[in-house]
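Got a structure here, written out as structure tokens. Questions coming.
Everything quoted here is computed from the prediction, not taken from an experiment. We name chains A, B, ... by the order of the sequence lines, and we start the count at 1 in each one.
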Number of protein chains: 2
Amino acid sequence: MDIQLKRGLLDVCVLAAIKSEDSYGYKIIKDMKPYIELSESTLYTILKRLEMAKMLTVRTAEHGGRLRKYYHITEAGLQRIEEFKEEWKEILAIYQFVTKEDGEHG
Amino acid sequence: MDIQLKRGLLDVCVLAAIKSEDSYGYKIIKDMKPYIELSESTLYTILKRLEMAKMLTVRTAEHGGRLRKYYHITEAGLQRIEEFKEEWKEILAIYQFVTKEDGEHG
DNA sequence: TGTAATACATCATATCACGAAGTATAGGCG
DNA sequence: CGCCTATACTTCGTGATATGATGTATTACA
């Protein structure tokens, strides 16, 4: 996947990964892997950005003697996903613009 | 349209704008406007980048006593559009990942 | 003791969209 | 002529951001 194309999708993808239940860094990367691969440094940058934007909240909890940070989506985060669904219509229009055949005979 | 989301689409959009016939800066911006708005500085940056990547060639021609730069798509440029069509499948998968409802009952 | 997996964090770097500003021509209006 | 707008291309500085490299620390396994 083209890196530029990823940029607009990463934030919503991370939000989607914690939408149904709270999750943590390592698991988010694994869950997203089939769709988008991202490095740890990238993910934690994104998580911090989303936290600052109040699209998620963080809670530290112990798991197996080790501390984990669990991320929980907020209303604003859910709202961001809804916005993406709206943006999707524009993306579809762009896709059609890019793929339309005008030189052939259609 | 979210600026991050634009990033991956701008290049292919510009290529699509010159696909059917050679075009020039100002016209490209107008043709793309219904789909994606971009500033002149952005467009010329992209055109230069695409030229360096040999996805288009440039030809200077006079028009109404003024010089215009006409951009012509190359095989590599057409190839880039084809690649985008392949990437589109991944984007669709991401869209489904983001929009799937797991908390409801599906 | 050593290796790998888990888990999070910081820093430097490269890419890139964009506003601001500049250069230059053509045409309309008074 | 002077002024404005549209056309047409260019350069510069800035801010956003994905990522590799690197570091810290624990658990599990051989």
Side-chain angles (χ1 to χ4, degrees), chain A residues 1-15 17-18 22-33 35-53 55-72 80 87 90 94, chain B residues 1-15 17-18 22-33 35-53 55-72 80 87 90 94:
Chain A
M1 159 86 55
D2 176 66
I3 177 206
Q4 297 307 321
L5 210 41
K6 279 170 77 169
R7 289 178 89 113
L9 304 168
L10 279 173
D11 282 32
V12 274
C13 256
V14 170
L15 287 173
I18 63 169
D22 295 0
S23 190
Y24 55 93
Y26 235 67
K27 184 161 189 295
I28 293 171
I29 288 176
K30 278 189 186 164
D31 288 345
M32 285 176 60
K33 197 159 191 168
Y35 308 100
I36 295 187
E37 290 193 42
L38 77 171
S39 64
E40 290 173 61
S41 56
T42 301
L43 177 65
Y44 291 110
T45 303
I46 292 170
L47 287 170
K48 220 166 273 173
R49 190 198 313 150
L50 290 174
E51 189 193 354
M52 296 232 282
M55 291 191 185
L56 53 79
T57 53
V58 194
R59 151 179 68 92
T60 303
E62 206 183 303
H63 179 90
R66 200 182 324 189
L67 288 179
R68 256 188 200 162
K69 280 189 166 183
Y70 283 90
Y71 298 91
H72 176 78
R80 176 70 192 91
E87 286 173 340
E90 293 174 55
I94 290 166
Chain B
M1 159 86 55
D2 176 67
I3 179 202
Q4 297 307 320
L5 209 41
K6 278 171 76 168
R7 289 177 87 114
L9 303 168
L10 279 173
D11 282 33
V12 274
C13 257
V14 170
L15 288 172
I18 63 169
D22 295 0
S23 189
Y24 55 94
Y26 234 68
K27 184 163 188 296
I28 293 170
I29 289 176
K30 279 189 187 165
D31 289 345
M32 285 177 61
K33 197 158 192 170
Y35 307 99
I36 294 188
E37 291 193 41
L38 77 171
S39 64
E40 292 178 69
S41 56
T42 301
L43 177 65
Y44 291 111
T45 304
I46 292 170
L47 287 169
K48 219 166 273 171
R49 189 197 314 150
L50 291 174
E51 189 192 354
M52 297 232 283
M55 292 192 185
L56 53 80
T57 54
V58 193
R59 149 179 69 91
T60 304
E62 205 182 303
H63 178 90
R66 202 181 326 191
L67 287 178
R68 256 189 201 162
K69 280 188 164 182
Y70 284 90
Y71 298 90
H72 176 78
R80 176 70 192 89
E87 285 172 342
E90 293 175 56
I94 290 166

Spacing of A/Glu37 atom CD relative to D/dA18 atom P, expressed in whole Å: 16 Å
Distance test, side-chain N/O of A/Gln4 to OP1/OP2 of C/dC16, below 4.0 Å: yes
Separation of C/dA9 C1' from A/Lys69 NZ (nearest whole Å): 9 Å
Residue A/Tyr26, side-chain atoms from C-beta onward, closest of D/dA18, C/dT6, D/dC9: C/dT6
Nucleotide C/dT25, atom P - distance to CG of B/Leu67 in whole Å: 10 Å
Steps toward salt bridge (Lys or Arg N to Asp or Glu O under 4.0 Å) verdict (B/Glu87, B/Arg80): CA-CA 10 Å; B/Glu87 285 172 342; B/Arg80 176 70 192 89; 3.6 Å; yes
Presence of A/Tyr24 side-chain N/O under 4.0 Å of C/dC8 phosphate oxygens OP1/OP2: no
Spacing between A/Ile3 atom CD1 and D/dA16 atom C1', to the nearest angstrom: 12 Å
Nucleotide nearest B/Arg7 when distance is taken to its side chain, options D/dA8, C/dT6, C/dA17: C/dA17
B/Lys6 side chain near C/dC16 phosphate (N/O to OP1/OP2, under 4.0 Å): no
Under 4.0 Å protein heavy-atom contact, by nucleotide of nucleotides 24-30 of chain D - B base, S sugar-phosphate only: --BS---
A/Lys27 side chain near C/dA7 phosphate (N/O to OP1/OP2, under 4.0 Å): no
Could you pull out the protein-nucleic contacts involving nucleotides 19-23 of chain C (nitrogen or oxygen on both sides, under 3.5 Å)?
{"from": "C/dG19", "atom 1": "N7", "to": "B/Ser41", "atom 2": "OG", "distance (Å)": "2.9"}
{"from": "C/dG19", "atom 1": "O6", "to": "B/Ser41", "atom 2": "OG", "distance (Å)": "3.0"}

Rounded interatomic separation in angstrom, taking CZ from B/Arg68 and C1' from C/dA24: 15 Å
Sorted by number, the residues of residues 43-52 of chain A with heavy-atom contact under 4.0 Å to DNA chain D: A/Thr45, A/Ile46, A/Arg49
